[in-house]
Novice: 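Sharing a structure here in structure tokens format.
Quick caveat: nothing in here was measured; it's all calculated off a predicted structure. Per chain, numbering begins at 1; letters A, B, ... match sequence-line order.
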Amino acid sequence: MIQSLLGIPPQVLFGQLMLGLINGAFYAMLSLGLALIFGMLNIINFAHGALYMMGAFAAYLLLENFGINYWLALIIAPIVVGAFGMIIERLMLKPLYKLDHLYGLLLTFGLALILEGVFRDLYGVSGIPYTVPPQLTGGWNLGFMFLPIYRGWVVIASLIICIATWLLIEKTKLGSYLRAATENPQLVQAFGINVPAMITLTYGLGVGLAAIAGVLAAPIYSVNPLMGSNLIIVVFAVVVIGGMGSILGSVVTGFMLGLVEGLTKVFYPEASSTVIFVIMAIVLLIKPAGLFGRAH
Amino acid sequence: MTNRHSATIAIYALLLVAALAAPLFLYPQFVMRAYCFALFACAFNLLLGYVGLLSFGHAAFFGFAAYVTGHTVKMWGLGPEAGILLGAASAAVLGLVFGGIAIRRQGIYFAMITLALAQMLYFFCLQAPFTHGEDGIQSIPRGYLFGVLDLNDSLTMYYFVLVVFILGFLVIQRTIHSPFGQILKAIRENEPRAVSLGYNTDRYKLQAFVISAALSGVAGGVFALTFQIATLNNVHWHLSGEVVLMTLLGGMGTVLGPVVGAFLVAAIQQYLAAYGAWVSIFQGIIFVACVLLFRRGIVGEIIHYTRPRTRAQKELEAAGVPVEGAAGQSV
């Protein structure tokens with residue numbers, strides 16, 4: 001039994017690594033959605049953090065108003081929020097495709113301000129607790145650390161979600177249409193595939209991923225209108241580090257950076273909130289296209 | 001053209017008279033706040049409107065300069081002019097570092113990188129001892145300008161802020177209309193072509209970034225002296241978003257647009273302050289409306305509909321062909 005590693009008690013080290021892995025799970029799911037949307041719509045979805053927050057609120061409101069439990073919320077919330085996203089895509093994003101990409105960023109930034117403002121006005125900023133579902137309470141003593149079951153579940157669930165998304169994109173017919181439409185929308189449309197519908201669907205899928213992440217996050221962090229805005233900026237840095245070229249790339253980068261952040265909390269806590277940004281700066285100086293990005 | 005030229009002069013003369021007389025009608029604190037924002041937005045517009053670079057982290061320069069000015073004036077006992085210059089210099093150095101990193105990517109990545117770097121600075125300011133964390137630097141003395149003029153007098157302060165704003169505005173004007181500014185516009189219109197003409201576009205972009213950062217720093221330093229406080233709000237991404245909003249609302253790439261936008265955004269903050277979250281809801285709605293309905297911004301739309309057109313252009317427009325190159329150069 002190891003008593004300490006470099007003077008750090010193993011409980012602390014593994015506890016922080018676990019927290020890092022959880023943060024990494026959220027980075028992975030959110031950057032995956034951002035990359036999907038960017039690939040298809042050429043828009044950086046600034047509202048991604050706000051939609052993640054809406055996912056968490058959807059879980060809370062479903063429980064509060066209809067008594068719908070966590071497991072059903074995990075399915076209903078992404079559908080509801082995803083549908084909301086698709087309406088937004090149809091009404092607001094569609095007119096922007098022919099314009100400079102920057103307009104998409106500005107519009108979704110405005111949307112993020114509106115959504116956050118509305119929830120702040122209704123629910124304040126103090127945060128609302130969401131209890132861990134009974135099946136996932138408690139924890140396991142692994143000898144070197146105590147693992148709360150819910151935290152283990154979040155990591156596993158997010159891995160499953162990321163892999164499922166990857167399979168959907170890489171191995172299904174729908175996915176191959178999506179990839180083709182990302183490369184050359186005119187040609188794909190000429191083959192009789194409804195590209196505008198694919199675009200709407202992609203946006204809904206990306207938003208749905210954000211909403212699932214929000215439901216998973218609800219029991220860990222309290223449900224808070226501002227929970228998305230600080231997270232999304234870190235996720236932007238993650239996306240810059242990984243490059244938006246590949247799905248697996250963004251997932252791997254997400255988890256990796258979560259771990260690095262966890263390690264920083266153990267060894268140099270003062271830098272834990274800035275370490276990802278510092279890594280971004282270093283990556284940009286060495287390999288501007290990002291770790292998995294394609295130079296163009 | 002002479003008609004149009006004299007109209008421009010008349011507009012500026014009217015604005016100057018209004019600015020000189022404003023303390024008689026408006027609350028000076030509000031107008032000074034608007035001047036600081038206006039200078040900030042004009043500096044930001046130099047990048048967005050004339051080089052086509054969207055920096056989403058400009059609050060870093062404004063806010064960091066506010067801290068430096070506040071610290072040097074309060075703790076080192078420097079005069080206001082030295083404090084502002086040091087604030088601007090530190091913002092320029094910060095701009096050199098951030099700009100050097102960010103210009104390695106283009107377009108949307110540039111926006112994300114500047115936002116992330118500014119967030120890094122935010123966390124730095126949250127932890128660094130000299131910023132006093134959540135409290136900020138409070139009761140910053142305004143002092144005596146050049147050792148003579150007492151800035152604690154609110155009218156003196158008002159005219160000082162006005163003079164700084166006009167000087168900053170003229171610097172930006174001079175930059176835009178210089179050969180250097182022409183190269184910036186060339187980069188905005190077609191960067192590969194500017195490269196093929198032999199211009200080192202990265203160097204020009206970085207220079208523009210540093211100028212913009214330094215002037216944002218001037219605005220931040222003056223802001224710290226005016227309100228005698230430097231806080232985390234000034235380095236928060238919210239302010240970065242607000243300066244984008246001012247420029248977009250007023251009209252990016254127009255000379256007066258950011259000024260108009262700054263006054264409107266300052267007014268929104270002033271009048272909706274009591275309604276809390278509604279400030280950001282309202283700002284969000286304006287963002288969406290600007291992008292969907294009037295991308296030229298208020299001043300840009302006015303220029304567009306009042307500019308002289310040749311008959312051929314009118315016929316083209318009637319036929320539904322968009323005519324570009326209309327972003328106003330004269331107002």
Novice: To the closest 0.5 Å, what do you measure between CE (Met112(B)) and CZ (Phe236(A))?
Specialist: 6.5 Å
Novice: So for Leu248(B), is it side chain, backbone, both, or neither that comes closer than 4.5 Å to the heavy atoms of chain A?
Specialist: side chain
Novice: Considering residues, nucleotides and ligands other than Arg179(A), do more than 12 of their heavy atoms fall under 6.0 Å from its CZ?
Specialist: yes
Novice: Is the shortest heavy-atom distance from the side chain of Phe38(A) to the side chain of Ile108(B) under 4.5 Å?
Specialist: yes
Novice: Using a 4.5 Å heavy-atom cutoff, which residues in residues 90-106 of chain A come close to chain B?
Specialist: Met92(A), Pro95(A), Leu96(A), Leu99(A), His101(A), Leu102(A), Tyr103(A), Leu105(A), Leu106(A)
Novice: To the nearest 0.5 Å, what is the distance between CZ (Phe287(B)) and CD1 (Ile114(A))?
Specialist: 10.5 Å
Novice: Is chain B contacted by the side chain of Val234(A), its backbone, both, or neither, given a heavy-atom distance below 4.5 Å?
Specialist: neither
Novice: Look up atom CD1 in Ile233(A) and atom OH in Tyr122(B), then write down how far apart they are to the nearest 0.5 Å.
Specialist: 9.5 Å
Novice: Quick check on the interface: out of Cys290(B), Ser280(B), Ala118(B), who has the most heavy-atom pairs with chain A under 4.5 Å?
Specialist: Ser280(B)
Novice: Mind checking what makes ring-ring contact (aromatic ring centres under 6.0 Å, His included) contact with Phe263(B), not counting sequence neighbours?
Specialist: Tyr35(B)
Novice: Check the pair Met280(A), Leu117(B) against side chain to side chain contact (heavy atoms under 4.5 Å, CB included), reporting the backbone distance first and the verdict last.
Specialist: CA-CA 9 Å; Met280(A) 179 193 78; Leu117(B) 290 172; 3.8 Å; yes
Novice: Within this structure, what is the CZ-OG distance for the pair Phe123(B) and Ser272(A), rounded to the nearest 0.5 Å?
Specialist: 9.0 Å
Novice: Using a 3.5 Å distance criterion without hydrogens, assess whether the side chain of Arg104(B) forms a donor-acceptor pair with backbone atoms of Leu284(A).
Specialist: yes
Novice: Between Val244(B) and chain A, which part of the residue has a heavy atom less than 4.5 Å away: side chain, backbone, both or neither?
Specialist: side chain
Novice: Show me, pair by pair, the donor-acceptor contacts under 3.5 angstrom made by side chains of residues 117-128 of chain A, not counting sequence neighbours?
Specialist:
unit_1    : atom_1 : unit_2    : atom_2 : d
Asp121(A) : OD2    : Trp278(B) : NE1    : 3.3

Novice: Which residues, numbered in order, of residues 233-242 of chain B come under 4.5 angstrom of chain A by heavy-atom distance?
Specialist: Trp237(B), His238(B), Gly241(B)
Novice: Verify the neighbour count for atom CZ of Phe294(B): are there more than 12 heavy atoms of other residues, nucleotides or ligands below 6.0 Å?
Specialist: yes
Novice: Looking only at heavy atoms and a cut-off of under 4.5 Å, which of Phe282(B), Tyr275(B), Phe56(B), Phe98(B) has the most pairs with chain A?
Specialist: Phe56(B)
Novice: Which atoms form the tightest heavy-atom contact between Glu270(A) and Gln127(B), and what is the distance?
Specialist: O-OE1, 2.9 Å
Novice: Under 4.5 Å between any side-chain heavy atoms of Ser273(A) and Gln119(B), yes or no?
Specialist: no
Novice: Taking every non-hydrogen pair under 4.5 Å, which of Leu54(B), Leu126(B), Leu121(B) racks up the most with chain A?
Specialist: Leu54(B)
Novice: Gln283(B) side chain to Gly110(A) main-chain N or O, any donor-acceptor pair under 3.5 Å?
Specialist: no
